[in-house]
Amino acid sequence: MKKLFIKTYGCQMNVYDSNRMAELLAPLGYGAVDGPEEADMVILNTCHIREKAAEKVYSELGRLRRMKEARQGAMTIAVAGCVAQAEGAEILARQAAVDLIVGPQSYHRLPEMIAKIARDGGHALETDFPAEDKFDALPDAGAAVGPSAFLTVQEGCDKFCSFCVVPYTRGAEYSRPVDDILAEARRLIERGAREITLLGQNVNAYRGVGPDGKTWGLDRLIRRIADSTGIARLRYTTSHPRDMTDDLIAAHRDVGALMPYLHLPVQSGSDRVLEAMNRGHTRDDYLRLVERVRAARPDIALSSDFIVGHPRETEEDFEDTMALVREVGYAQAFSFKYSARPGTPAAAARKQVAAEAKDARLQELQATLAHQQEAFAKSCAGKTMDVLFEKPGRKSGQAVGRSPYLQPVHVENAAHLIGTVASVKIAAVMPNSLKGELLRDEALAL
Ligand code: 5AD
Ligand code: SF4
């Protein structure tokens, strides 16, 4: 067996892609290992979203080069993902130890690229957006999956937010056909999935061809997956406020399997900044949308992404963001300092925000978001929640699962429930997780 190590950076779509690459290489005799030390092949599946993410890749490549030299070159190094797409040949120039560069739309070509460098030596680089469907070209390796699985239904983005590289690295919006997604969902369920998270850079912009030849939206796709597979839990991420249709909101009311948790990035609470960001929605549009979602599903919890220090953001704009956060109340959120990305419109703006102002704003925002997250967790104490148990905990007999709101829940004497959903009473709130107790029925099933 040849040893393969894949290191994944960035979003869940990269996690999905890494799994598919591992499946793709299995028939070539590659088996996964946990570290690069003995690997014959190392793939870095990279993220280009912020400067820090991209820089991490280069420092990792430096470490890998030294390992490769120590082993007289007996290691193939591949760079996949969005840094590969955006920087392509530049990576080879900066780090000669790299053998292979493969963009996110081309990784189904990895086997032929590996064969080519084995035969001819030198490097291989594929960063086109090929006409053939990558998903069709990927094999079904039949490997086991955990209780919670990802399924990419949509890729790319046509929104062109001023700050974002995704439209350039992942290309135009593309939606997979409904039947292909259903077939993959069934395979995942057969192999152990009880929860599927539908993935897309702009997942709620999903417009795939249905079995009737018509275009289906995400709402219909969700209803069909829920009805025809009986899956216990469905989620989707990441959504854009502009594509949150009434039909999709109604699915949150009607589809029991759809979890009451929605990641709905707003980025900023200031109309001026939202406009500079080219987001295509106002603060008020977003707040009204939140109201409609909550009316359809009163127990829904919200999560968001925020950027502070986008070009032209003033203290007043930032205060608008803080006020929006207080108004909405988030269960969870991610916040970032604006990072200029080469080739994006915002990077060319003359008025960049000073680093100190960005630092101060991020600190203030994160303090409030952390406070809200804690308040949300505390509000769960004493409640009974369904938990999908995913894996054993550290202590014997313990199992760890996730609440409907994605919080990790630790439960004693629950190892027999891994792979199932069970009712749990939340007994204590820890800093980043919950402690639960089985209700009597489940405990008796021991
Ligand atoms: N700088 C900082 N954060 C960014 N994001 C995207 N591009 C940038 C950037 N240039 C954030 C957004 C997005 C999340 C995935 O990353 O908040 O929703
Ligand atoms: Fe980037 Fe905006 Fe597209 Fe999201 S919607 S991927 S932030 S361009």
Side-chain angles (χ1 to χ4, degrees), residues 11-24 104-108 129-158 166 170-240 243-245 247-252 254-259 261-263 388:
C11 65
Q12 289 150 328
M13 302 202 55
N14 271 7
V15 176
Y16 175 88
D17 287 350
S18 292
N19 290 337
R20 298 310 302 261
M21 283 191 261
E23 291 189 0
L24 179 70
Q105 303 307 325
S106 315
Y107 65 80
H108 56 297
F129 290 94
E132 83 248 38
D133 181 359
K134 162 180 83 178
F135 292 101
D136 285 344
L138 291 169
D140 171 23
V145 297
S148 180
F150 293 134
L151 201 177
T152 294
V153 302
Q154 182 277 338
E155 282 195 294
C157 180
D158 296 341
V166 165
R170 292 275 179 163
E173 282 175 10
Y174 164 78
S175 299
R176 296 176 68 190
V178 172
D179 278 341
D180 291 6
I181 295 167
L182 277 172
E184 189 168 332
R186 289 200 184 96
R187 284 199 299 270
L188 290 170
I189 294 166
E190 269 164 29
R191 294 190 220 140
R194 295 294 167 263
E195 168 178 279
I196 294 180
T197 302
L198 307 177
L199 296 180
Q201 260 96 28
N202 237 294
V203 72
N204 60 343
Y206 177 84
R207 291 181 67 72
V209 180
D212 54 2
K214 300 215 170 89
T215 302
W216 287 31
L218 186 64
D219 55 297
R220 278 186 87 182
L221 178 69
I222 286 170
R223 285 176 196 268
R224 175 59 61 91
I225 297 174
D227 291 346
S228 71
T229 68
I231 182 99
R233 288 179 161 190
L234 279 173
R235 304 177 184 277
Y236 62 92
T237 199
T238 290
S239 295
H240 193 292
D243 295 312
M244 209 65 217
T245 61
D247 289 337
L248 185 54
I249 295 173
H252 280 276
D254 303 337
V255 180
L258 195 53
M259 289 293 99
Y261 183 88
L262 179 63
H263 183 58
L388 170 59

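Basis for what follows: all heavy atoms, side chains included, without hydrogens, waters or symmetry-related copies. Values in this document were obtained by computation on a predicted structure and should not be read as measured data.
- Distance check, rounded to the nearest 0.5 Å: CZ of F150 to OG of S18 gives 11.0 Å.
- In terms of modelled atom types and a separation under 3.5 Å, the side chain of Q201 and the main chain of C157 share no donor-acceptor contact.
- Contact record, P211 with W216: CD-CZ2, 3.4 Å, taken as the closest heavy-atom pair.
- Side-chain contact between I181 and Y206: present, with at least one pair of heavy atoms (C-beta onward) separated by less than 4.5 Å.
- Between D247 and L218, the closest side-chain pair of non-hydrogen atoms is not below 4.5 Å.
- S228 is listed as a side-chain neighbour of L182, based on a closest heavy-atom distance under 4.5 Å.
- For the pair T229/R186, a side-chain contact is recorded, criterion being any heavy-atom separation below 4.5 Å from C-beta on.
- The two residues E195 and L388 make their nearest non-hydrogen contact at CB-CD2, 3.4 Å.
- Separation of atoms CE (M21) and NE2 (H108) is listed at 12.5 Å; rounding is to 0.5 Å.
- A salt bridge links R220 with D212: the closest approach of a Lys/Arg side-chain nitrogen to an acidic carboxylate oxygen falls below 4.0 angstrom.
- Salt-bridge check for E155 with K134: passed, with a basic side-chain N closer than 4.0 Å to an acidic carboxylate O.
- R176 has a carboxylate O that lies under 4.0 Å from a charged side-chain N of E184, or vice versa, which qualifies the two as a salt bridge.
- A salt bridge does not link R187 with E190: none of the charged nitrogens is closer than 4.0 Å to a carboxylate oxygen.
- A salt bridge links R170 with D17: the closest approach of a Lys/Arg side-chain nitrogen to an acidic carboxylate oxygen falls below 4.0 angstrom.
- Checking side-chain atoms of Q154 against main-chain N and O of N202 turns up a donor-acceptor pair under 3.5 Å.
- The shortest non-hydrogen separation linking V145 to A193 is CG2-N, 3.8 Å.
- Heavy atoms only, all atoms of each residue included: L262 and S239 are closest at CD1-OG, 4.3 Å.
- Residues L248 and I222 have side chains in contact (heavy-atom distance under 4.5 Å, counting atoms from C-beta outward).
- Nearest heavy atom pair, residue M13 against residue G200, reads SD-C, 3.5 Å.
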After noting the C-alpha distance and the side-chain angles of M259 and L234, does the key distance pass the side chain to side chain contact (heavy atoms under 4.5 Å, CB included) rule? CA-CA 6 Å; M259 289 293 99; L234 279 173; over 6 Å; no

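- When only modelled atom types and interatomic distance are considered, N204 and Y236 share no side-chain donor-acceptor pair under 3.5 Å.
- The OH atom of Y174 sits 15.0 Å away from the CZ atom of R207 when rounded to the nearest 0.5 Å.
- Taking every heavy atom of both residues into account, I225 and A185 meet most closely at CG2-CB, 4.5 Å.
- Residues L151 and L188 meet the side-chain proximity criterion, which asks for heavy atoms closer than 4.5 Å.
- A 4.5 Å side-chain heavy-atom check between R194 and I231 finds every atom pair outside the cut-off.
- Aromatic ring pairs are classed by plane angle as parallel below 30°, tilted from 30° to 60° and perpendicular above 60°; the pair F135 and Y16 is tilted.
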